[in-house]
Amino acid sequence: MLRRRPHRTARSVLLHPATGWLTLAVLYFTAAVLNVLLAVNTNRLWPLLLATVLGVVSAGCALCAGRSLRG
C-alpha cells in the first residue's frame, strides 16, 4: 500500500534555516526599492548609492538562503 506523505506544518517552515535569510533578503530588497524611489524624487545621488549597497546585501542574503536550502 501507499504510505501517507507527511505534510509540512507552519512551525516546520518557520524553523527552517533558510527562513531567516529569506526574510532579511526581502527586507533589504524593500529598503533598496524605497531608496531608488527616494533618489528619483529628490534628484540626489546618495540614496542611489545606498540602494546599490542594499541590493548587493539582499543578493548575498538570497545566496545564503539558497545554500541553506541545498544543505
Side-chain angles (χ1 to χ4, degrees):
M1 293 191 69
L2 296 175
R3 287 191 296 171
R4 278 187 72 198
R5 296 174 78 185
H7 295 287
R8 286 190 177 188
T9 62
R11 184 173 185 263
S12 68
V13 171
L14 289 176
L15 291 178
H16 196 279
T19 304
W21 289 113
L22 286 174
T23 304
L24 276 177
V26 167
L27 288 174
Y28 277 117
F29 182 74
T30 304
V33 168
L34 290 175
N35 274 303
V36 167
L37 292 175
L38 179 66
V40 169
N41 282 339
T42 60
N43 291 328
R44 302 279 179 160
L45 185 61
W46 67 268
L48 194 57
L49 295 174
L50 184 60
T52 305
V53 171
L54 290 172
V56 169
V57 172
S58 175
C61 289
L63 284 173
C64 287
R67 287 183 182 168
S68 293
L69 285 174
R70 285 189 220 127

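Judged as a side-chain contact (heavy atoms from CB on, under 4.5 Å), and not counting sequence neighbours, the contacts of T30 are V26, L34. Partners of L69 by side-chain contact (heavy atoms from CB on, under 4.5 Å), not counting sequence neighbours, listed by chain and number: H16, A18. Legend: residues meeting side-chain contact (heavy atoms from CB on, under 4.5 Å) with R67, ordered by chain and number and at least two apart, are absent.
With rounding to the nearest 0.5 Å, the separation of SG in C61 from CH2 in W21 is 5.5 Å.
For the pair S58 (side chain) and Y28 (backbone), a donor-acceptor distance under 3.5 Å is absent.
Closest heavy-atom contact between A32 and A51: O-CB, 3.5 Å.
Linking ILVMFWY side-chain heavy atoms closer than 4.5 Å, directly or via other members, places V57 and L24 in a single hydrophobic cluster.
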Q | Verdict with supporting geometry, L48 and N35, side chain to side chain contact (heavy atoms under 4.5 Å, CB included) | A | CA-CA 6 Å; L48 194 57; N35 274 303; over 6 Å; no
